[in-house]
Amino acid sequence: INVNGVRASLRNGGLEWLLSENKKKRADIICMQEVRANDEQLAESLEAAGMGDWNVVHSASTKKGHAGVAIVSKLPFVSTKVGLGPKQFAEQGRWVEAVFDTAVGPLKVASIYVHTGDHEIPERQAEKEAFLAAMTTYMKKEIAKSGADSHALLVGDLNVGHTERDIKNWKGNVGKAGFLESERVHFDTWMYKQGWKDLGREHAGDVQGPYTWWSMRGQAFDNDAGWRIDYMLATPGLAEHFKDITIGKAASWGERWSDHAPVIARFSI
């Protein structure tokens, strides 16, 4: 879930919702994006929500109030890693990963935040696409190193609609950040060449959506004019243990605690 600021989520009932949902569905791992807090602030928010005893690995941005990713888990970490590729990305709070012991072997989980980009600001868009390229390199190595039978899950707000099915108003977004061909080609590579499984699409099938983000402005939420930009990408080995995905869309605009909805996956491991 992109929490849209963990302290704001605490005030708006988001962390309470996550904890309640975990009690119902026995979730073991929560991946957060746009935490927008330092380590102490994140710990204080989790403690206030009743999650102070969970294990945490967090990568904060050096720019206060921006980005930040975390993995919060009932399960102990075997190992953790912060950052991806060039040092500049390690300092921006965009990538954190953890390895867990499971009954089917080691499970690697990464929480990822790809910033929005801007097609009208070349430097900002180039930075986004450099990060996507770094992901492509990492994902190729991960498949090659561990093989198709390995268990890895890449989770996060990737800020790209892969296909026309992933954006309600896709025609109005052609040529804009989030739906540029230069962004979407990475998704083609991950799924069609490297073999990663887009669990959200595989579960939903060939349909529009289901969306995970809606603008806070206008009637986007009420009209379900959203984007599917929050993904769970699994290695084929892990996908064999996949059960289903639920989108935790709020019942009404007033009950939203983030502009994103939680994406909840179940696995039989």
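Hydrogens, waters and symmetry mates play no part in the numbers below; they use all other heavy atoms, side chains included.
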Check: Does the pair Trp253 and Asp222 meet the rule for a side-chain contact (heavy atoms from CB on, under 4.5 Å), with working shown?
Finding: CA-CA 7 Å; Trp253 192 98; Asp222 293 335; 4.1 Å; yes

Check: Between Lys108 and Glu142, does a salt bridge (charged side-chain N to carboxylate O under 4.0 Å, His left out) hold up when you go through it step by step?
Finding: CA-CA 10 Å; Lys108 179 182 287 187; Glu142 184 66 26; 3.1 Å; yes

Next item on the list: Before giving the answer on side-chain contact (heavy atoms from CB on, under 4.5 Å), spell out for Trp213 and Asn159 the whole-Å C-alpha distance, their side-chain angles and the decisive distance to 0.1 Å.
Entry: CA-CA 10 Å; Trp213 175 87; Asn159 261 312; over 6 Å; no

Next item on the list: Run the numbers on Ile1 and Val263 for side-chain contact (heavy atoms from CB on, under 4.5 Å), then give the verdict.
Entry: CA-CA 6 Å; Ile1 171 63; Val263 182; over 6 Å; no

Check: Can you check side-chain contact (heavy atoms from CB on, under 4.5 Å) on Ile29 and Phe100, steps first, answer last?
Finding: CA-CA 10 Å; Ile29 302 167; Phe100 303 88; 3.7 Å; yes

Next item on the list: Test side chain to side chain donor-acceptor pair (under 3.5 Å) on Thr136 and His186 and set out the steps.
Entry: CA-CA 7 Å; Thr136 297; His186 291 285; 2.8 Å; yes

Note to self: Show, in sequence, the C-alpha distance, side-chain angles and deciding distance for Arg228 and Asp198, and conclude whether the salt bridge (charged side-chain N to carboxylate O under 4.0 Å, His left out) test is met.
What the structure shows: CA-CA 12 Å; Arg228 190 178 77 95; Asp198 178 353; 2.6 Å; yes

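Closest of all the heavy-atom pairs between Ala70 and Leu42 is CB-CD2, 4.0 Å. Residues Phe131 and Tyr113 approach most closely at CE2-O, 4.1 Å, considering heavy atoms. Nearest heavy-atom pair across His151 and Val104 is CE1-O, 3.2 Å. Between Met51 and Leu15, the shortest heavy-atom contact is SD-O, 4.3 Å. The minimum heavy-atom distance between Ser258 and Asn4, with the atom names listed, is OG-CB, 3.6 Å. Closest non-hydrogen pair, Leu199 versus Phe267, comes out as CD1-CZ, 3.6 Å.
A distance of 8.5 Å separates CG of Leu84 from OG1 of Thr137, quoted to the nearest 0.5 Å. Taking CE from Met216 and CZ from Arg256, the interatomic distance works out to 4.5 Å, rounded to the nearest 0.5 Å. In this structure, Met135 CE and Leu158 CG are separated by 5.0 Å, a value rounded to the nearest 0.5 Å. Distance check: Arg7 CZ to Arg11 CZ gives 7.5 Å after rounding to the nearest 0.5 Å. One finds the CG atom of Leu233 at 11.0 Å from the CG atom of Leu238 (value rounded to the nearest 0.5 Å). Summarising the geometry, atom CG belonging to Leu75 is positioned 4.5 Å from atom CG belonging to Asp28; distances are rounded to the nearest 0.5 Å.
Listed by first and then second residue, the salt bridge (Lys or Arg N to Asp or Glu O under 4.0 Å) pairs involving residues 246-255 are Asp224-Lys249 (not counting sequence neighbours). Residue pairs meeting the salt bridge (Lys or Arg N to Asp or Glu O under 4.0 Å) criterion with at least one partner in residues 199-214, sequence neighbours excluded, are Arg165-Asp206, Asp166-Arg201.
Residues Ser59 and Val35 form no side-chain contact, since every pair of their non-hydrogen atoms from C-beta on lies 4.5 Å or further apart. Between Leu10 and Val6 there is no side-chain heavy-atom pair separated by less than 4.5 Å. Between Lys193 and Lys140 the shortest side-chain heavy-atom distance does not fall below 4.5 Å. In this structure the side chain of Val109 reaches within 4.5 angstrom of the side chain of Cys31, judged on heavy atoms. By the 4.5 Å heavy-atom criterion applied to side chains, Trp196 and Leu154 are counted as neighbours. At a threshold of 4.5 Å between non-hydrogen side-chain atoms, the residues Arg124 and His115 count as touching. For the pair Val72 and Met32, the minimum side-chain heavy-atom distance is below 4.5 Å. With a 4.5 Å cut-off on side-chain heavy atoms, Glu127 and Gln92 count as touching.
The main-chain N or O of Ile112 is never found under 3.5 Å from a side-chain atom of Glu97 such that the two would form a donor-acceptor pair. Ser111 places no side-chain N or O within 3.5 Å of a backbone atom of Ile71 that could act as its donor or acceptor partner. Not a single donor-acceptor pair under 3.5 Å links the side chain of Asn223 to the backbone N or O of Ala225. Side chain of Thr235 to main chain of Ser150: a donor-acceptor pair is present (N/O by atom type, distance under 3.5 Å, no hydrogens or angles).
At a threshold of 4.5 Å between side-chain heavy atoms, the hydrophobic network of Ile, Leu, Val, Met, Phe, Trp and Tyr places Phe221 and Trp227 in two separate groups. A continuous path of hydrophobic side-chain contacts links Leu107 to Val96 [ILVMFWY only; heavy atoms under 4.5 Å]. Neither Trp214 nor Ile264 shares a network with the other; the hydrophobic side chains, linked directly or stepwise wherever heavy atoms of I, L, V, M, F, W or Y lie under 4.5 Å apart, form separate groups for each. Using a 4.5 Å cut-off between side-chain heavy atoms of Ile, Leu, Val, Met, Phe, Trp and Tyr, with links allowed through other members, Met191 and Tyr138 fall into the same hydrophobic cluster. In the hydrophobic clustering of this structure, Ile229 does not group with Ile245; members are Ile, Leu, Val, Met, Phe, Trp, Tyr whose side-chain heavy atoms approach within less than 4.5 Å, directly or through other members.
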Would you mind writing out the side-chain donor-acceptor pairs for residues 174-184 within the sub-3.5 Å range, not counting sequence neighbours?
from   : atom 1 : to     : atom 2 : distance (Å)
Lys176 : NZ     : Gly172 : O      : 3.2
Ser182 : OG     : Glu129 : OE1    : 3.1
Ser182 : OG     : Glu129 : OE2    : 2.8
Glu183 : OE1    : Gly178 : N      : 2.7
Glu183 : OE1    : Phe179 : N      : 3.2
Glu183 : OE1    : Leu180 : N      : 3.2
Glu183 : OE2    : Gln125 : NE2    : 2.7
Glu183 : OE2    : Lys128 : NZ     : 2.9
Glu183 : OE2    : Gly178 : N      : 3.3
Arg184 : NE     : His162 : O      : 2.9

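Between His203 and Phe242, the angle of the ring planes goes over 60°, which puts this pair in the perpendicular group of the 30/60° scheme.
Screening Asp230, Asp157, Asn2 against Thr212 for a side-chain hydrogen bond (donor to acceptor under 3.5 Å, both in side chains) leaves a single residue, Asp230.
Two rings, from Phe187 and Tyr192, have their centers 6.0 Å or more apart.
In this structure, Arg266 pairs ionically with Asp244, as a charged nitrogen and a carboxylate oxygen lie closer than 4.0 Å.
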